[in-house]
Amino acid sequence: MATSNGVNQELAKIFLEMSEFLAMQEAAFKPRAYEKAARAIEELKEDAAEIYQKEGLKGLEKISGVGKGIARRIEEFVKTGRIRDYERFKKEMPVDISGLTSIQGVGPKTIKTLYKKLKIKNVKDLEKAAKAGKLKNLPGFGEKIEQKILQGIEFQAGFHGRMNIGLALPIARKIIDFLKKIPGVSRVEVAGSLRRWQESVGDLDFLVISSKSEAVMTKFTAMPEVEHVYARGQTKTMVRLSGGIDADVRVLPPESFGAALQYFTGSKDHNVELRKIAISKKYKLNEYGLFKSRKLAAGRDEKEIYSKLGLDWMPPELRTASGEIEAARFHRLPDLIGYGDIKGDLQIQTNWTDGANSIEEMAQEAKRLGLEYIAITDHTKSLAITGGSDEKKLLRQMVIIDKINSKLQSANWRTNSKFKILKGAEVNILKDGSLDIKDEVLVKLDVAGAAIHSHFNLSEKEQTERLIKTMSNRHIDIIFHPTGRLLQKREPIKLDFDKVFKTAAETGTMLEINAHPWRLDLNGELVRAAKKYGVRFMINTDAHSAADLAYMEYGIAQARRGWAEKSDIVNTLPLKKLMELFKKPKTGRYL
DNA sequence: GCCGTTTTCGGCCCGACTGTTTTCAGTCG
């Protein structure tokens with residue numbers, strides 16, 4: 001689909017690659033500039049081409065990170081469909097940069113050497129050369145680097161065919177909208193692991209009720225995203241989408257829709273348990289319905305089916321075959337936190353460090369999304385690359401936040417709303433668990449979060465002790481993204497979770513459920529484990545741009561997968577209650 | 001190449017880690 005974002009995405013990709021090419025040439029500051037511009041354009045809400053049509057170069061230069069040079073290249077792209085500088089780079093070195101750099105430990109310099117010496121153009125070439133032992137003899141390479149590259153390739157291949165939920169959900173929503181507009185269609189749902197909000201999904205399953213199945217199949221297979229049609233029938237069609245993910249559409253009769261939704265939502269293990277119960281009650285359960293001696297007993301909606309089996313209906317997030325069926329039988333299912341229950345976002349970066357937008361812009365967007373408060377939590381000084389704050393800069397930012405708040409207050413008064421910006425920080429945890437900001441400044445913050453950004457490879461014992469030391473600081477309210485994992489990219493740090501959760505509960509330190517779709521940290525499983533110790537949580541987006549504030553739902557989903565209720569999540573509290581809580585000493589907060 | 005709560009030119013891109021190597025090169029956050 002040629003949406004307005006298409007141009008922005010293409011430009012972002014080109015500028016990102018140009019930044020890598022420039023890095024190969026050892027250009028001093030240009031790579032960063034291009035990278036920054038690429039990210040700004042990617043996050044842009046309006047179409048860059050449209051901005052240019054309307055306001056010309058001057059309009060483009062208003063984009064932060066875009067100056068005269070890059071604006072001119074955008075102009076060139078809009079006018080001619082290409083950027084000559086980029087094509088020159090590409091001609092000199094025709095390599096798959098984004099593919100190669102996605103392998104951990106492979107950067108621009110490595111790519112250059114690999115191409116010059118071995119003509120390696122893509123991951124496949126690289127894997128072949130590494131397996132043949134050709135890398136270790138290159139200058140600056142050795143046995144270990146060769147092994148590391150092979151491991152990196154393997155690590156990535158392990159995720160083959162599974163797509164991060166943050167990529168899959170927007171695609172699915174677009175297709176749902178598309179299917180709903182087809183004449184004859186009265187209902188569309190996505191089932192499968194996406195409906196269960198699993199962190200990655202293997203394929204997209206769409207279920208449709210339509211009076212004209214032929215029209216659905218024709219339109220579906222003709223979508224521009226469809227790369228290949230595996231099978232096409234009256235009730236079921238399977239395709240591969242250009243994003244590298246498969247999608248199925250099933251057209252169903254209304255009386256079977258609930259049964260199909262249940263069946264295709266899974267999980268598989270959950271369904272096996274359900275079918276066992278059905279058999280014990282002399283039923284047969286399949287995707288067409290719940291049957292008693294060939295007679296349809298239930299199938300129109302899910303609730304009916306669960307009810308006939310003596311179970312309460314449960315949200316898809318819980319269907320993991322880990323005690324939910326037992327709980328449903330005895331009416332002990334948790335009353336999960338709802339997708340609209342969050343009142344504030346307490347981890348937000350701004351352009352004071354590595355965020356894309358200003359404090360005001362983040363506040364505006366948060367307000368628009370219906371939040372009551374946010375906390376500004378920029379990085380601190382030992383994370384130097386982000387321009388992290390030292391004590392002085394933090395204090396300066398606090399003054400600015402006070403000023404913005406008093407401005408907001410008069411605006412709030414006029415619009416009869418309330419919105420407040422809290423002062424916070426994402427304080428960097430040093431190797432020994434101490435912090436890079438002094439206590440006398442931490443105490444002045446409304447919310448002090450701490451996070452690990454280095455020394456990911458310590459032993460379980462060291463890492464656990466490190467985090468325990470941080471949690472023992474009475475000024476640290478919360479640990480952000482506790483395991484530090486990045487999906488498909490970096491493993492979580494090694495921790496003794498029993499000890500960590502116990503300490504978190506004892507010290508009154510909250511743990512974050514980071515909603516960023518590449519983090520989801522803690523994940524549902526760990527939330528559920530931590531909850532047993534009495535740990536309290538916050539769900540935050542870790543937004544680095546205004547658009548990122550929309551990630552909240554991914555975090556709420558993980559909380560729900562972890563059986564979290566509203567009362568477990570501190571930022572469901574209204575501002576006043578939250579501030580009362582923060583005023584108490586940590587250890588007295590949950591008594 | 002971009003930018004200005006250090007403000008229109010001179011900074012920006014630091015620091016740790018790993019793996020190569022005997023003092024450095026490349027990657028990553």
Side-chain angles (χ1 to χ4, degrees), chain A residues 15-16 18-41 60-74 83 85 100-114 135-149 151-152 349-356 358-360 378-390 392-404 426 428-432 436 451-458 480-481 484-486 489-490 493 516 518-519 542 544:
Chain A
F15 289 142
L16 209 60
M18 284 182 79
S19 117
E20 303 283 2
F21 280 122
L22 288 161
M24 288 177 197
Q25 301 178 342
E26 325 231 346
F29 303 109
K30 289 186 191 181
R32 274 282 279 181
Y34 273 89
E35 195 193 324
K36 238 182 130 183
R39 231 182 296 157
I41 291 163
L60 293 173
E61 283 175 44
K62 278 189 217 151
I63 303 164
S64 99
V66 175
K68 282 197 167 57
I70 288 179
R72 265 209 318 277
R73 287 180 176 84
I74 297 175
I83 294 175
D85 285 342
L100 287 167
T101 49
S102 71
I103 306 294
Q104 215 176 3
V106 177
K109 303 285 171 61
T110 306
I111 292 173
K112 186 179 176 184
T113 311
L114 291 172
L135 301 188
K136 59 174 178 281
N137 302 323
L138 295 175
F141 286 60
E143 190 79 44
K144 288 207 175 156
I145 284 184
E146 190 170 87
Q147 285 312 308
K148 208 179 140 193
I149 286 177
Q151 277 167 15
Q349 270 68 234
T350 70
N351 58 8
W352 281 66
T353 56
D354 64 344
S358 65
I359 298 174
E360 288 97 327
D378 277 302
H379 289 289
T380 54
K381 62 187 172 198
S382 56
L383 211 60
I385 184 74
T386 65
S389 301
D390 55 13
K392 254 173 83 183
K393 188 169 167 186
L394 258 181
L395 290 167
R396 214 167 63 229
Q397 192 184 46
M398 290 185 207
V399 175
I400 300 284
I401 290 177
D402 281 336
K403 279 190 191 153
I404 299 174
E426 180 176 8
N428 202 26
I429 300 176
L430 304 176
K431 188 178 179 186
D432 66 352
D436 68 344
I452 285 176
H453 294 103
S454 61
H455 303 280
F456 293 107
N457 288 327
L458 301 181
F480 289 145
H481 47 74
R485 73 166 180 172
L486 290 177
K489 184 99 190 183
R490 185 171 66 213
I493 56 171
H516 197 291
W518 292 99
R519 287 195 181 272
D542 203 351
H544 282 66

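Values below: all heavy atoms of this structure, side chains included; hydrogens, waters and symmetry mates excluded. In the text below, chain A, chain B and the rest are named by the order of the sequence lines, each starting its count at 1.
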Rounded to the nearest angstrom, tell me the gap between atom [atom1] in [X] and atom [atom2] in [N].
| X | N | atom1 | atom2 | answer |
| --- | --- | --- | --- | --- |
| Phe141(A) | dT21(B) | CZ | P | 11 Å |
| Tyr34(A) | dC3(B) | OH | C1' | 16 Å |
| Lys431(A) | dG15(B) | NZ | C1' | 14 Å |
| Lys36(A) | dG4(B) | NZ | P | 8 Å |
| Phe15(A) | dC2(B) | CZ | P | 9 Å |
| His379(A) | dC14(B) | NE2 | P | 17 Å |
| Gln147(A) | dT18(B) | CD | C1' | 15 Å |
| Glu20(A) | dG1(B) | CD | C1' | 16 Å |

task: Examine the side chains of Asp378(A) and Ser389(A) and answer whether a donor and an acceptor come within less than 3.5 Å of each other.
output: no
- line: Contacts of Asp402(A) meeting side-chain hydrogen bond (donor to acceptor under 3.5 Å, both in side chains) (sequence neighbours excluded), chain-then-number -> Lys423(A)
Gap in Å between the two [atom1] atoms, one belonging to [N] and one to [M], rounded:
| N | M | atom1 | value |
| --- | --- | --- | --- |
| dG10(B) | dG15(B) | C1' | 23 Å |
| dG29(B) | dT23(B) | C1' | 24 Å |
| dT21(B) | dA16(B) | P | 24 Å |
| dT20(B) | dG26(B) | P | 14 Å |
| dG19(B) | dC12(B) | P | 31 Å |

message: Working to the nearest 0.5 angstrom, can you tell me the gap between Thr353(A) OG1 and Lys381(A) NZ?
response: 15.0 Å
Of all pairs that satisfy salt bridge (charged side-chain N to carboxylate O under 4.0 Å, His left out), the ones with a partner from residues 27-40 of chain A, not counting sequence neighbours: Glu35(A)-Arg39(A)
Under 4.0 Å between any heavy atoms, over every strand shown, what does [X] touch: base, sugar-phosphate, or nothing? Just pick one.
| X | result |
| --- | --- |
| Glu143(A) | sugar-phosphate |
| Val66(A) | sugar-phosphate |
| Lys68(A) | sugar-phosphate |
| Leu22(A) | nothing |

task: Please step through side-chain contact (heavy atoms from CB on, under 4.5 Å) for the pair Leu138(A) and Leu114(A), ending with a clear verdict.
output: CA-CA 9 Å; Leu138(A) 295 175; Leu114(A) 291 172; 4.0 Å; yes
Under the side chain to side chain contact (heavy atoms under 4.5 Å, CB included) test, residues paired with [X] that sit two or more places apart:
| X | value |
| --- | --- |
| Gln151(A) | none |
| Ile404(A) | Ile359(A), Glu360(A), Ile400(A), Leu408(A), Ile421(A) |
| Ile63(A) | Ala40(A), Leu44(A), Ile51(A), Leu60(A), Val66(A) |
| Ala451(A) | Glu426(A), His453(A), Phe480(A), His481(A) |

- request: Quick one: which residue pairs count as a side-chain hydrogen bond (donor to acceptor under 3.5 Å, both in side chains) with a foot in residues 62-72 of chain A, not counting sequence neighbours?
  value: Glu55(A)-Lys62(A)
Give me the distances for all protein-to-nucleotides 10-12 of chain B N/O pairs that come in under 3.5 Å?
none

message: Output one letter per nucleotide in nucleotides 24-29 of chain B: B when a protein non-hydrogen atom lies under 4.0 Å from the base, S when only the sugar-phosphate is that close, - when neither is.
response: --SSSB
- request: Can you figure out which of dT20(B), dC2(B), dT6(B) approaches the side chain of Arg396(A) most closely?
  value: dT6(B)
field: Of the listed nucleotides dT20(B), dG1(B), dT6(B), the one nearest the side chain of Ala33(A)
entry: dG1(B)
- prompt: Are any of Arg73(A)'s side-chain N or O atoms less than 4.0 Å away from OP1 or OP2 of dG1(B)?
  reply: yes
statement: Sorted by position of nearest nucleotide on DNA chain B, 5' first, the leading residue of Ile400(A) and Arg32(A) is Ile400(A)
message: Partner lookup for dT8(B), please. Criteria are Watson-Crick or G-U wobble with both distances under 3.5 angstrom; report none if nothing qualifies.
response: none
statement: In terms of heavy-atom contacts, Ala71(A) and Glu61(A) come closest through CB-CG, 3.9 Å
